[in-house]
Amino acid sequence: MNLETDLGGIKLADPVVMASGTFGYGFGYEGLIGPGDVGAIITKATTREPWAGNPPPRIAETPCGMLNAIGLENPGVEVFLSEYLPRLRKSGAVVIVNIAGRTFEEYVELASMIGTAKGVRGIELNISCPNVDMGGMQLGTSPDMVYKIVDSVKQVTHLPVMPKLSPNVTDIVEIAKAAESAGADAISMINTVQGMAVDIETKRPILGNVFGGLSGPAIKPIALRMVYQVYQAVDVPILGGGGIMSAKDAIEFLLVGAKAVSVGTGTFINPRLAMEIKAGIEDYMARHGHTGLHEIIGAAIL
Amino acid sequence: MNLETDLGGIKLADPVVMASGTFGYGFGYEGLIGPGDVGAIITKATTREPWAGNPPPRIAETPCGMLNAIGLENPGVEVFLSEYLPRLRKSGAVVIVNIAGRTFEEYVELASMIGTAKGVRGIELNISCPNVDMGGMQLGTSPDMVYKIVDSVKQVTHLPVMPKLSPNVTDIVEIAKAAESAGADAISMINTVQGMAVDIETKRPILGNVFGGLSGPAIKPIALRMVYQVYQAVDVPILGGGGIMSAKDAIEFLLVGAKAVSVGTGTFINPRLAMEIKAGIEDYMARHGHTGLHEIIGAAIL
Amino acid sequence: MFFLENAEIIRNDRVADGIYELECSASEIAGNGDPGQFVHMEVKPYSVESVSPLLRRPFSLYGVTREQGTISILYRIRGKGTSILAQVKPGEYLSVLGPLGRGFTLPAEGSATLLVGGGMGIAPLVYLADRLVRLSCDVNVLYGAETASELVALDKLQQEGAKCHIATMDGSRGYKGLVTDLLTCISEGEPTRMSTGKQACTDIVYSCGPLEMMAHVAKFAKERGIPGEVSLESYMACGVGVCLGCALRLRNGDASYAKVCSDGPVFSMAEVEFGAGEGEVRQ
Amino acid sequence: MFFLENAEIIRNDRVADGIYELECSASEIAGNGDPGQFVHMEVKPYSVESVSPLLRRPFSLYGVTREQGTISILYRIRGKGTSILAQVKPGEYLSVLGPLGRGFTLPAEGSATLLVGGGMGIAPLVYLADRLVRLSCDVNVLYGAETASELVALDKLQQEGAKCHIATMDGSRGYKGLVTDLLTCISEGEPTRMSTGKQACTDIVYSCGPLEMMAHVAKFAKERGIPGEVSLESYMACGVGVCLGCALRLRNGDASYAKVCSDGPVFSMAEVEFGAGEGEVRQ
Ligand SMILES: Cc1cc2nc3c(=O)[nH]c(=O)nc-3n(C[C@H](O)[C@H](O)[C@H](O)COP(=O)(O)OP(=O)(O)OC[C@H]3O[C@@H](n4cnc5c(N)ncnc54)[C@H](O)[C@@H]3O)c2cc1C
Ligand SMILES: Cc1cc2nc3c(=O)[nH]c(=O)nc-3n(C[C@H](O)[C@H](O)[C@H](O)COP(=O)(O)OP(=O)(O)OC[C@H]3O[C@@H](n4cnc5c(N)ncnc54)[C@H](O)[C@@H]3O)c2cc1C
Ligand SMILES: Cc1cc2nc3c(=O)[nH]c(=O)nc-3n(C[C@H](O)[C@H](O)[C@H](O)COP(=O)(O)O)c2cc1C
Ligand SMILES: Cc1cc2nc3c(=O)[nH]c(=O)nc-3n(C[C@H](O)[C@H](O)[C@H](O)COP(=O)(O)O)c2cc1C
Ligand code: FES
Ligand code: FES
């Protein structure tokens, strides 16, 4: 059975990818699952300078979901390149680096710094984090800006560039098309859906940041719908995810057109989920008589 | 204890409202709960002519939520006025009529027909149903069109007019402001979030219509966030809902600024939910020493 | 008229691999439920508040004991809801809404009736058979299952006084093959000697089970001019007719749909469009 | 080094109103868990797949039996997760991730130690006391609860050989009032005769419980120059340091936050900013 797939030039031995921000820099679950055990790992968002992130509480559970308002806490690209990347490189993992910035210039600078680093196979452009004041959501919600940022980043790197789309938009297809026409090699979707939670006893929002990003099974129907829509509208490959908790969920994303799937929140509940999903996809393919992933990718599109 | 509230001229004895499409025309749960037992009832969407609705399956369960793609099946306004409204009128219930159309003209015609009918206390403009090809979602996602439709409807009726906003937009505040400036008396939010479900065995979308509207607890964090945002931006009262399954959920909506709350999917699980919510709000207010709803409405806004 | 009862679970026994019989006290439903009607059950663990699975699950009335105020259902584990339901213990409580829907039309006393059930589709027919026997009808049941151990309702049917004719796919009991093959045997006078030739001596046929099975039964009945009814399934949200989620396109319907929950779940065989893929299969 | 174990529940007993003690087999965690570390437990009913409640729940190690390979936790029902957990029956399985976090720093053999615990905060201190007694330390525990029946860990502490000093809010056992009032008694030589004057004869203080309580203990320790540690809480998603969800601003921290799950849950009292409202209260 062949589980190989390709995200716009990023070759994966299997289609299960660790989503940004939910697997740190690859070694947080050592002993249970490592970066070499999965199709690829997307690192926690890296910014030009260190970011402190949002005040706590940063997490709230919601029905079949969770809100997070981490606020892109990270030590900055220099620490990433000197401390985290070398170890990842040694592991032989397929590493995709998620980058975020407050300005175009930051994205461009980050992309060129990362493009020359050894051991990186692709760049995921986080243009959709809803938790940052500047850049962040505003950026990912306008087709023009998405075009501009993808285009600028493409000019400074030879690495495959994969913008990660925000679901908090009226028309996801329009955004995806803008990304494609700017030369995006693949599209990653979806990031979290903006939400909030309230504590009725304290009469206060639960999150320190008031708003946070909703992830987990609750958003799966929304993510599936958006992948379905975008698959019909663009030709570049899609990394699909949002609420994947089982092989069944992952297969749903493949069927609506994702060439690979991302597992985020699910890892918190079952650290070995990504590996179990890979095995579950194999079982499914065997049961249905498929030998290659292309036989199921997009098969449910009417 | 005073549970009275006011939705832009629609006076309610208590803030719990039955959401459109989930309580039929008020008498489906006879013996358990009737239209007079709640603050108000919003009837199933009524259109100018009868609509057949979408092909089945129309329902799919999702994690902590459900998708529906009813497609606004209804017998048309004439049947509504002659068969359903008289009985509702007799019950003494506060009746708000949800209307939907494919064109501006249909909305205007519906609003004027309903405005002259006895026993209707307000009109909810369904400009957000994601399941209809024309009108439907496209309409509710453009501020200009929202302005135009609210404005046109206001010109033909003296009844309070309450547009129901779609959450499937980049900027809900912009839409709410357009509605307010066009003279909306209140704002109802949120309608369902567009999603889909896939059957991996048949490799087909589950819903006959492919896409459907997600409702239930899964969407509560999204709905709360939107009510919070809109409350800060407009002065007209908000009917808030999406995923309310308990008094606690309802209170969360009040705390982020809703003047009344709508119960939809929750009724399917617990037909008497609306009445239990009313009692639960009373308990909460007693426990926190509140005597009027205004003391809690918007109290969690920072 | 239906009721919302907080029903205490009395028994919830595994009666075959993956098949359970649940009995609970629900006196109003027991006092009012007719064959073919169903209950819409909350499915949650430990009587603890839960929003997953979210919706109620519909199950046909399998048995009713009016004196004791109890009802029972027969169900097969299919997904998350029924998996959880199978773990519920006696003494716990579940909210039950019912009796819902339009049940079977009962024939005149003393009629000759034929009931054709496959798999879990036997459930409503068992309660129906009970009622038919009380109406002094002649009750012949064609009962199909994968294998003998899944013929879980057989004892109950026989106790009620129904004549049972068995088909199993693996031949472990009765005829080997489709239960609908027994129809032919019947019409050819073999092996059940219910009828001879094309003119079956049956006044009415009732059926519930996989769609293909019911389609076959409907064709059989139509060819012989026997009236019949089937019990259908559909995804359901409200179960009471307000959400329009359980839509079913009927054969001679106008542009509009029927509601399985309130116009059905029992429909006249003549009304149902079996080829259309509408309505769900109960296996 | 931590492990993911599918742990069989051995006991899950109600030990007071709303308070439970759960023991399960998890040999790797039992073999490696130190006092102050915690486990991150899946909470689901009937061992049936479930995504609600979604996240794991963190609980301190309350007891460990290395020989038998079992661990125990002590918990109070607070919300949905703990309500479901309280219903789990022996013989069922739950996935347990652990041991996680940084536990308490153990003192030199024979040290004089003071442990101050309130409510469920006693849990990690009970395991700590056990270890301290094995290190031949003098172990004094100030143990506070609402009422006598909630002093559920008292027997265990006494069996371990710790000297317990009790405070209950309703005076039903021991001193009537806040457990922190006992600190003053101690420093005044009454009633526990642990020390005389301002110089308490305690080498190190450990505390876990409501934030205000820990703040008070920290102030007490600081005034007397005694080193001390507290165990804190926070909402957690991953529990292992990858999600940055459990952020806590430390007193002398630079711009960045500490992670309660992996930099803690045990922190030096000197580091913690008690006024800041960060970290959750365990009551
Ligand atoms: C009127 C009626 C009477 C029924 N009577 C019986 C009975 O007596 N015994 C029995 O075993 N089953 C009966 N069913 C089917 C039963 O409702 C489903 O098997 C059950 O809801 C599956 O729930 P689940 O959570 O285990 O499955 P899920 O995990 O939800 O899904 C598994 C499959 O079950 C089906 N299903 C899920 N929800 C529904 C629903 N609300 N309505 C119909 N199908 C659904 C779908 O085809 C789905 O693919 C009846 C259904 C209806 C509509
Ligand atoms: C390191 C650590 C050790 C702990 N040890 C114990 C212990 O030994 N015994 C004990 O009874 N409790 C302990 N807790 C607290 C315990 O985790 C919460 O009481 C439990 O998660 C509540 O779950 P719930 O679903 O019942 O409550 P929910 O319905 O989720 O919420 C009820 C309240 O519990 C709190 N809470 C919910 N989730 C978490 C979470 N993930 N982390 C922290 N607080 C949360 C919130 O304040 C919330 O308001 C510990 C927490 C931490 C972080
Ligand atoms: C705690 C947490 C932190 C996250 N951090 C990032 C991030 O740094 N960059 C990013 O692009 N997405 C981030 N995400 C979004 C996830 O990568 C993923 O897109 C989203 O959670 C939806 O998938 P899921 O439902 O499988 O979690 C984060 C999500 C969570 C839950
Ligand atoms: C089955 C179903 C039918 C609905 N029909 C309508 C409708 O006709 N008009 C409308 O404005 N909203 C309709 N809605 C949306 C609800 O009124 C409500 O806005 C939405 O379901 C979110 O609330 P909830 O989570 O409480 O259900 C429908 C929802 C459901 C589930
Ligand atoms: S299930 Fe709601 S109308 Fe039938
Ligand atoms: S809970 Fe994830 S970093 Fe602490």
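Chain identifiers are assigned alphabetically (A, B, ...) following the order of the sequence lines, protein sequences preceding nucleic acid strands; residue numbering begins at 1 within each chain. Keep in mind that what you see is a predicted model, and the values were worked out from it rather than measured. Hydrogens, waters and symmetry mates play no part in the numbers below; they use all other heavy atoms, side chains included.
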Study note, to complete from the structure: If one checks every heavy atom of B:Val210 against chain A at 4.5 Å, the contacting part turns out to be side chain
Check your understanding: Among B:Met245, B:Lys220, B:Met226, B:Lys248, which residue forms the greatest number of heavy-atom pairs with chain A at distances under 4.5 Å?
Key -> B:Lys248
Check your understanding: Can you find a heavy atom in the side chain of A:Arg225 that is under 4.5 Å from one in the side chain of B:Asn168?
Key -> yes
Point to revise | Close approach to chain A in residues 282-300 of chain B, criterion heavy atom under 4.5 Å | key: B:Tyr284, B:Arg287, B:His288, B:His290, B:Ile296, B:Ala299, B:Ala300
Check your understanding: Which heavy-atom pair separates B:Glu252 from A:Val198 by the least distance, and what is that distance?
Key -> OE2-O, 3.7 Å
Review point. Can you tell me how far the OG1 atom of B:Thr62 sits from the CD1 atom of A:Ile219, to the nearest 0.5 Å?
Key: 12.0 Å
Check your understanding: What parts of residues 259-273 of chain A touch chain B if we use heavy atoms and a cut-off under 4.5 Å?
Key -> none
Check your understanding: Got more than 12 heavy atoms from elsewhere within 6.0 Å of NZ, B:Lys148?
Key -> no
**Study point:** Between CD on residue A:Glu201 and CD1 on residue B:Ile251, distance to nearest 0.5 Å
**Key:** 8.0 Å
**Study point:** chain B contact via A:Leu255 - side chain, backbone, both or neither, heavy atoms under 4.5 Å
**Key:** side chain
Point to revise | Most contacts with chain B, counted as non-hydrogen pairs under 4.5 angstrom, among A:Leu224, A:Leu254, A:Leu67 | key: A:Leu224
Revision key, fill the gap. A:Ala218 and B:Leu214 have their tightest heavy-atom pair at O-CD2, 3.8 Å
**Study point:** Distance, nearest 0.5 Å, that separates CE of A:Met196 from CD1 of B:Ile222
**Key:** 13.5 Å
Check your understanding: So, B:Thr170 side chain and A:Thr170 main chain: donor-acceptor pair closer than 3.5 Å or not?
Key -> yes
Check your understanding: Nearest 0.5 Å, what's the CD1-CD distance between B:Ile172 and A:Gln194?
Key -> 11.5 Å
Point to revise | A:Val256 portion near chain B, given a 4.5 angstrom heavy-atom threshold | key: side chain
Check your understanding: Got a second to check how far B:Ile200's CD1 is from A:Phe253's CZ, nearest 0.5 Å?
Key -> 13.0 Å
